[in-house]
Asker: 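Questions regarding the structure given below will be posed in turn.
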Amino acid sequence: MRIQGFASLAVCLAALALVDPPRAARADAASDAAAAEAQKAAAALAERMRSADADVKKTALAESAKVQHPLITAALSKALSDADAGIRAAALTALLARTGEVARKAAAVAIAARLERIAKKDEDYPERMKVIAALHDLAQPVSLKALSAETGVDVSSEELSLRLRAIANLPSKEAIEEIIQFRSSGGRLGRGDELGYRRRIAREAFFYATGADVGHDPDEMRKWWKEHEKGFDFQAAAERRGREGGGPKSKAGDGTSPDTGKPAK
C-alpha cells in the first residue's frame, strides 16, 4: 500500500510538471509585459519632464499617478526636488496615490526626506505643512524620525499640532512613545510652555493615537501605555480615526474619557 501511495504521488507530480510550466510561462510573460509597459511610461514621463513648460510637467505627473510601478514612484520622488513649487505639489499628490505597502513606504521615504530639507526656513512653511499632512495620510512608521525632528519651542503651535497628529497616525509603538516623550520634554510644570499649547497638543495626539484621554500628565500617559501596549490593536485604532474624522480636538480636552465618559485622571 505504501508503494502504491508513492506511485500515485509520483503520477500526480508528473501531471503537475506538465501543467505548471505553461502557467508559469504565462505569469512570466505577464510580468515581463507589465515591466515593459512601466519602462515605457517612465521613459515618457522623463521626456515630458524635460519640457520647458511647467504645465506639461504637472500634467505628466498627474497622469503618472495611475501607474504604480517602482520606476514611476522613483521619478515622482525625484520631482519633489524640482525648483517649481507647482511641480513639487503635483509630485506630492501623485505619490499619495501609491496603493501597495511597498510603494507607499517608498513614497513616505521620499516625502520624509523632503521634509528634512525644508524643516527650518520660514518661506518653506506652506509646503512643509502639506508635506507633513501627506506623511499623516501615508501613515508609514519610516517617517517618524523626520516628523519628530523639529518639535522644539521655536516651532509654531500649528506645525507642532500637525506633526504630532501625523506621528499619532503611525501604526507603531515608537510613535506613541514619541508623543509621551514630547509631553515629558517640557517638564511637568510646563517650562517653555507658558501658554500650555504643548500640553494640549500632546494630550490631543495621545488621544488620537490611542482613543484614551488620560489628561496632560505624561506619567498617566506612560502608565496607560504600559498597561495597554502589549495587546494594542493598531488596525482598530486606525479604523477608529477613520470613523471619527474630526480628530482629537473633537473629543479630547473636555476632561472625560472617550470610552467611559468618566473624568480623566
Side-chain angles (χ1 to χ4, degrees), residues 61 65 70 72-186 192 197-198 201-210 218 221 225 234 237-238 241 247-248:
L61 291 168
I72 298 299
T73 301
L76 296 174
S77 299
K78 182 179 179 180
L80 282 178
S81 298
D82 195 277
D84 187 296
I87 291 172
R88 295 197 302 272
L92 184 66
T93 299
L95 283 170
L96 279 171
R98 304 299 89 189
T99 55
E101 280 304 303
V102 173
R104 287 172 68 81
K105 182 177 180 180
V109 168
I111 296 170
R114 179 61 185 169
L115 177 58
E116 290 176 338
R117 288 194 294 272
I118 60 171
K120 295 183 180 296
K121 293 182 179 180
D122 290 343
E123 57 266 33
D124 291 326
Y125 180 80
E127 180 183 0
R128 189 159 64 242
M129 296 295 274
K130 293 178 182 178
V131 166
I132 294 170
L135 290 175
H136 168 281
D137 293 348
L138 287 170
Q140 296 295 312
V142 70
S143 63
L144 176 59
K145 180 181 177 182
L147 287 168
S148 60
E150 296 294 331
T151 54
V153 295
D154 56 339
V155 179
S156 71
S157 61
E158 291 80 6
E159 182 174 339
L160 274 178
S161 182
L162 198 62
R163 281 179 179 269
L164 268 290
R165 180 182 172 90
I167 290 171
N169 202 40
L170 303 178
S172 76
K173 296 178 179 179
E174 291 78 10
I176 296 177
E177 290 164 359
E178 178 63 32
I179 295 168
I180 299 172
Q181 177 59 33
F182 169 82
R183 175 63 193 96
S184 301
S185 63
Y197 68 86
R198 290 175 68 87
I201 289 170
R203 181 178 183 177
E204 290 172 353
F206 189 81
F207 172 83
Y208 191 54
T210 66
M221 293 179 183
W225 180 235
F234 285 99
R241 289 191 290 271

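This is a predicted model, so every value here is computed, not measured. For the single chain, residues carry numbers from 1 onward in sequence order.
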Asker: Would you confirm whether D82, through its side chain, and I87, through its main-chain N or O, come within 3.5 Å as a donor-acceptor pair?
Answerer: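 Not confirmed, D82 side chain does not pair with I87 backbone.
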Asker: If the condition is salt bridge (Lys or Arg N to Asp or Glu O under 4.0 Å), which residues does R98 pass it with, not counting sequence neighbours?
Answerer: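 If we apply the salt bridge (Lys or Arg N to Asp or Glu O under 4.0 Å) test to R98, skipping adjacent residues, there are no hits.
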Asker: Quick check on side chain to side chain contact (heavy atoms under 4.5 Å, CB included): which of D124, L80, I132 does L115 satisfy it with?
Answerer: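 That would be I132.
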Asker: What's the separation between atom CG in L92 and atom CZ in R114, rounded to the nearest 0.5 Å?
Answerer: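 It is 10.0 Å, given to the nearest 0.5 Å.
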Asker: Give the C-alpha distance, both sets of side-chain angles, the deciding distance and a yes or no for side chain to side chain contact (heavy atoms under 4.5 Å, CB included) between M129 and Y125.
Answerer: CA-CA 6 Å; M129 296 295 274; Y125 180 80; 3.4 Å; yes
Asker: Report the C-alpha separation of L170 and S143 in whole Å, then their side-chain angles, then the decisive distance to 0.1 Å, and conclude whether the side chain to side chain contact (heavy atoms under 4.5 Å, CB included) test is met.
Answerer: CA-CA 8 Å; L170 303 178; S143 63; 3.6 Å; yes
Asker: Can you name the nearest heavy-atom pair linking L95 to S77, along with the distance?
Answerer: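 L95 and S77 have their closest heavy atoms at CD2-OG, 3.9 Å.
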Asker: Can you tell me how far OG1 of T93 sits from CG of L76, rounded to the nearest 0.5 angstrom?
Answerer: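 It comes to 10.5 Å.
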Asker: Which residue pairs pass the salt bridge (charged side-chain N to carboxylate O under 4.0 Å, His left out) test when at least one of the two sits in residues 85-95, sequence neighbours left out?
Answerer: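 Sorted result for residues 85-95: R88-E127.
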Asker: Please report the interatomic distance CG(L147) to CG(L164), rounded to the nearest 0.5 Å.
Answerer: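 Rounded to the nearest 0.5 Å, the CG-CG separation comes to 9.5 Å.
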Asker: For E150, which residues count as a salt bridge (Lys or Arg N to Asp or Glu O under 4.0 Å) partner, sequence neighbours excluded?
Answerer: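 In terms of salt bridge (Lys or Arg N to Asp or Glu O under 4.0 Å), with neighbours along the sequence ignored, E150 is linked to K120.
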Asker: Can you check whether R198 reaches L160 side chain to side chain, under 4.5 Å on heavy atoms?
Answerer: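 Yes, side chains in contact.
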Asker: When rounded to the nearest 0.5 angstrom, what distance separates OG1 in T210 from CZ in F234?
Answerer: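 If I round to the nearest 0.5 Å, the distance is 10.0 Å.
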Asker: If I compare all heavy atoms of A149 with all of R163, which pair ends up nearest, and what's the gap?
Answerer: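 Between these two residues, the closest heavy atoms are N-NH1, 4.5 Å.
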Asker: Just by modelled atom types, is the K121 backbone N or O under 3.5 Å from a matching donor or acceptor in the R128 side chain?
Answerer: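 Yes: the side chain of R128 pairs with the backbone of K121.
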Asker: Could you check whether any side-chain N or O of S185 sits under 3.5 Å from a backbone N or O of F182, counting only pairs where one atom can act as donor and the other as acceptor?
Answerer: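 A pair under 3.5 Å: yes.
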Asker: Please name the pair of heavy atoms, one in S148 and one in E178, separated by the smallest distance, quoted to 0.1 Å.
Answerer: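 Heavy atoms of S148 and E178 come nearest at CB-OE2, 3.4 Å.
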Asker: What residue pairs, at least two apart or across chains, pass salt bridge (charged side-chain N to carboxylate O under 4.0 Å, His left out) with a residue in residues 129-149?
Answerer: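 Checked against salt bridge (charged side-chain N to carboxylate O under 4.0 Å, His left out) - neighbours excluded - no pair reaches residues 129-149.
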Asker: Would you name the heavy atoms of A168 and A205 that are closest together and state the gap between them?
Answerer: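 The pair with the smallest heavy-atom distance is CB-O, 3.3 Å.
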Asker: Run the side-chain hydrogen bond (donor to acceptor under 3.5 Å, both in side chains) test against S81 and tell me which residues pass, sequence neighbours left out.
Answerer: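 Result, side-chain hydrogen bond (donor to acceptor under 3.5 Å, both in side chains) vs S81: R117.
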Asker: R183 vs F206, test: side chain to side chain contact (heavy atoms under 4.5 Å, CB included). Steps then yes/no.
Answerer: CA-CA 10 Å; R183 175 63 193 96; F206 189 81; over 6 Å; no
Asker: Drop me the distance from Q181's CD to I167's CD1, to the nearest 0.5 angstrom.
Answerer: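 So the CD of Q181 and the CD1 of I167 are separated by 11.5 Å.
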Asker: Validate the cation-pi geometry between R165 and Y208: distance from NZ or CZ to the six-membered ring centre under 6.0 Å, angle to the ring axis within 45°.
Answerer: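 Cation-pi check for R165 and Y208: passes.
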Asker: Check the pair S184, I180 against side chain to side chain contact (heavy atoms under 4.5 Å, CB included), reporting the backbone distance first and the verdict last.
Answerer: CA-CA 6 Å; S184 301; I180 299 172; 4.2 Å; yes
Asker: So, for A209 and R241, which heavy atoms are closest and what is the spacing to 0.1 Å?
Answerer: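 It is O-NH1, 3.2 Å.
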Asker: To the nearest 0.5 Å, what is the distance between CD1 on I179 and OG1 on T151?
Answerer: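 Taking CD1 in I179 and OG1 in T151, the distance rounds to 11.5 Å.
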Asker: Identify the heavy atoms of L61 and A79 that sit nearest to each other, and give their distance.
Answerer: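 Shortest heavy-atom separation between L61 and A79 comes out as CD2-CB, 4.0 Å.
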Asker: For E101, what residues pass the side-chain hydrogen bond (donor to acceptor under 3.5 Å, both in side chains) criterion, not counting sequence neighbours?
Answerer: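 E101: side-chain hydrogen bond (donor to acceptor under 3.5 Å, both in side chains) contacts with Q140.
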